[in-house]
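First the structure, in the form of structure tokens, and then the observations on it.
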Number of protein chains: 2
Amino acid sequence: MANLGIKDIAALAKVSPATVSRVFSSPDLVSKKTLDKVKKVVDEVGYRPNRMGASLRTRKSGNIVAIIPDITKPVNAGIIRAIEQGAQSAGYSVLLGDTQGLEEREQHYADLVSHGQADGVLLFGSRIPFKVDESLPLGPQLPPLVNGNEGIESDEIVKVAVDNEAAAKAAVNYLISIGHKRIAAITGPSDVPSSRKRTKGYKSALIEAGIEVEDVLQIEGEYDVKSGVDCAQKLLLLRQRPTAIFCFNDDMAIGAMQFLQQQGFKIPEDISVMGFDDINYAEYVTPSLSTVHQPLQEIGTACINLLLKQLNGEKVEPGSQYLPFSLKIRNSTGVAPK
Amino acid sequence: MANLGIKDIAALAKVSPATVSRVFSSPDLVSKKTLDKVKKVVDEVGYRPNRMGASLRTRKSGNIVAIIPDITKPVNAGIIRAIEQGAQSAGYSVLLGDTQGLEEREQHYADLVSHGQADGVLLFGSRIPFKVDESLPLGPQLPPLVNGNEGIESDEIVKVAVDNEAAAKAAVNYLISIGHKRIAAITGPSDVPSSRKRTKGYKSALIEAGIEVEDVLQIEGEYDVKSGVDCAQKLLLLRQRPTAIFCFNDDMAIGAMQFLQQQGFKIPEDISVMGFDDINYAEYVTPSLSTVHQPLQEIGTACINLLLKQLNGEKVEPGSQYLPFSLKIRNSTGVAPK
DNA sequence: AGATGATATGAAAACGTTTCATTTATGTTA
DNA sequence: TAACATAAATGAAACGTTTTCATATCATCT
């Protein structure tokens, strides 16, 4: 019962291997009669075309690799899910590359394409894990690739994201609109581009409102719950405390709220807290978290579509494609205490 | 600059393809001198062995496929992450198969192995997506496979999970120990085996404590936040309300708490709520959620190790391998109101 | 120096497809 | 009916490896 190959089927159906191949890949090229004949044999013996054989010949693996810092983060999981769907319905499979932020692992996964194991890359980190000659234009040196979440600054690659700067600005504007003047930010690591963009938005909102930008009000976190706790603590130590804290993701906002409440502060009466991402649980913490909503599904879909285009040989213009964000105002924000 | 193949390298280094192959796969078989010579050429021209070629020859894809109902659920994401790590360090890549519970998609991903695109399967659903002859023993008909989370009842396959029955029993015993007598359960769908096991544990704890098992106290949920809300509502409508609710996962517990608080109930003073899973956010909802902790990392690692063993040709005994759970008692549970 | 065994290398045959260039069959038209 | 156009089927080569078997090289020992 060793697995049959296309030649065996060909022999059994008394046609050539070429014909059997066509039965699967372009059935319209073969006459109804032989089509049926071949299908019958295929059913009888349970033949399955071997993808490796085909891949070798066509030089297409039918895989794409998604390089993600941490699949455990709801944002990433949400995006990946949409990607996987889009890929599957286009006949591609998704190789999961959770890198835990390690350059070495990014490399490893990026290498899959040079080894012919993947045809394209979806990149959610903030490094380009390909050896690149800086003096040459970047584009042609890269495989089909799209970068999600504004992880990379280069204009030469295809990117999909929410406009982080505008989104942060909108969030801060909202806080200003309900009377806050002393607005702190718990940012992400300063080496991640999307965090820098959010910082930019945060600052420009303040500036435009004529509010002084103070360094002490900007604390750098790590995008996890624990650093939300830590940063909130630092903020409480301040001589003059903020009346609102804008956290660059929901995890940190949750951590901050947790700590503030533990210290006896009422949210939002004493301090407003705002998040970013709108993860599932944002709605279910107490108080429910006001946050910036990112359309994860749409981001994922846009990513995969742009990649599929490239894989089909279509030229895709590099640069950012922005998807609309929205403010979800819940109960963790309120008018500033007088 | 068309990509070079092993023959080109062989020619450039004036050795045979066989030798080049050995340089990569069994370097100890080749003399230091030629090793260096070949490596030099490889570096110079940037050769990368093509995996498809190798796969075709060896009949091993180097991929495993993880079939998961929903990658978006923190439990699954946590497990997957560990799997991915284990796979990578054994030289395997993980194909992500998020099925959204659809049989059709389960099928699709299971088929990857018959198409030679994957060598083994990690299965987290509760169906066996392989055509199987019921009259024959199941084992030999399946590819290398391990099932996670007690999704499947058959004893003929390799399974890794927490002992759901024992865990549920422990949780309920704890509630009993702090004085609860009227303990409701918000279960998972009755067609998922792990939920049935938990139900079993729930009941046997009650019985052993001499507490009557009442059907009205068992409400079937869908394992998502919303159904936590719905089920809690039904429970509140009861003539005689429970003093504690044991939810079969944290999402439903979070939904239930949300609803109860909204209705003005104090947790845990009026009603205790207990979850299952110990997702990240369990600690950060208010009140923090008492729950059953599942060692996700360990589960993932055990799964992948068992699969790797099979892929190495070692025989693995079918049956459940149980991993230790633990009770995380936080602030959503307290002594029963008198 | 010659024999022996160990160690390195090479040649060639797969692996299962696709595809290009042909051949053969089937109609159609003059 | 012959010639032709079109459709359908075929054969052979190629894709890039690995691996078996045979051969060649090397060092070692008598």
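Nothing here was measured: the structure is a model prediction, and the numbers come from that model. Every chain is numbered from 1 and lettered A, B, ... according to where its sequence line falls, protein lines coming before strand lines.
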Y47(A): partners by ring pair (Phe, Tyr, Trp, His ring centres under 6.0 Å), with sequence neighbours left out: F24(A)
Nearest-angstrom distance from the residue atom CZ of R22(B) to P of dA11(C): 11 Å
Side chain H115(A), main chain R48(B), donor-acceptor under 3.5 Å: no
Within 6.0 angstrom of K37(A) NZ, more than 12 heavy atoms from elsewhere: yes
Among K32(A), K33(A), K39(A), the one residue meeting side chain to side chain donor-acceptor pair (under 3.5 Å) with D36(A): K32(A)
Q117(B) backbone acceptor or donor facing N63(B) side chain under 3.5 Å: yes
Check: I71(B) main-chain N/O paired with D98(B) side-chain donor or acceptor under 3.5 Å: yes
Of residues 28-40 of chain A, the positions that come close to DNA chain D - non-hydrogen atoms, cut-off under 4.0 Å: V30(A), S31(A), T34(A)
Polar atom pairs (N or O), protein with nucleotides 13-16 of chain D, under 3.5 Å:
| unit_1 | atom_1 | unit_2 | atom_2 | d |
| --- | --- | --- | --- | --- |
| dA14(D) | N3 | R57(A) | NH1 | 3.3 |
| dC15(D) | O3' | R59(A) | NH1 | 3.2 |
| dG16(D) | OP1 | R59(A) | NH1 | 3.0 |
| dG16(D) | OP1 | R59(A) | NH2 | 3.2 |
| dG16(D) | N2 | G53(B) | O | 3.1 |

D119(B) versus S61(B), side-chain donor and acceptor atoms under 3.5 Å: yes
Any donor-acceptor N or O pair under 3.5 Å, side chains Y92(A), E84(A): no
Phosphate-side-chain proximity, S21(B) and dT18(D), N/O vs OP1/OP2 below 4.0 Å: yes
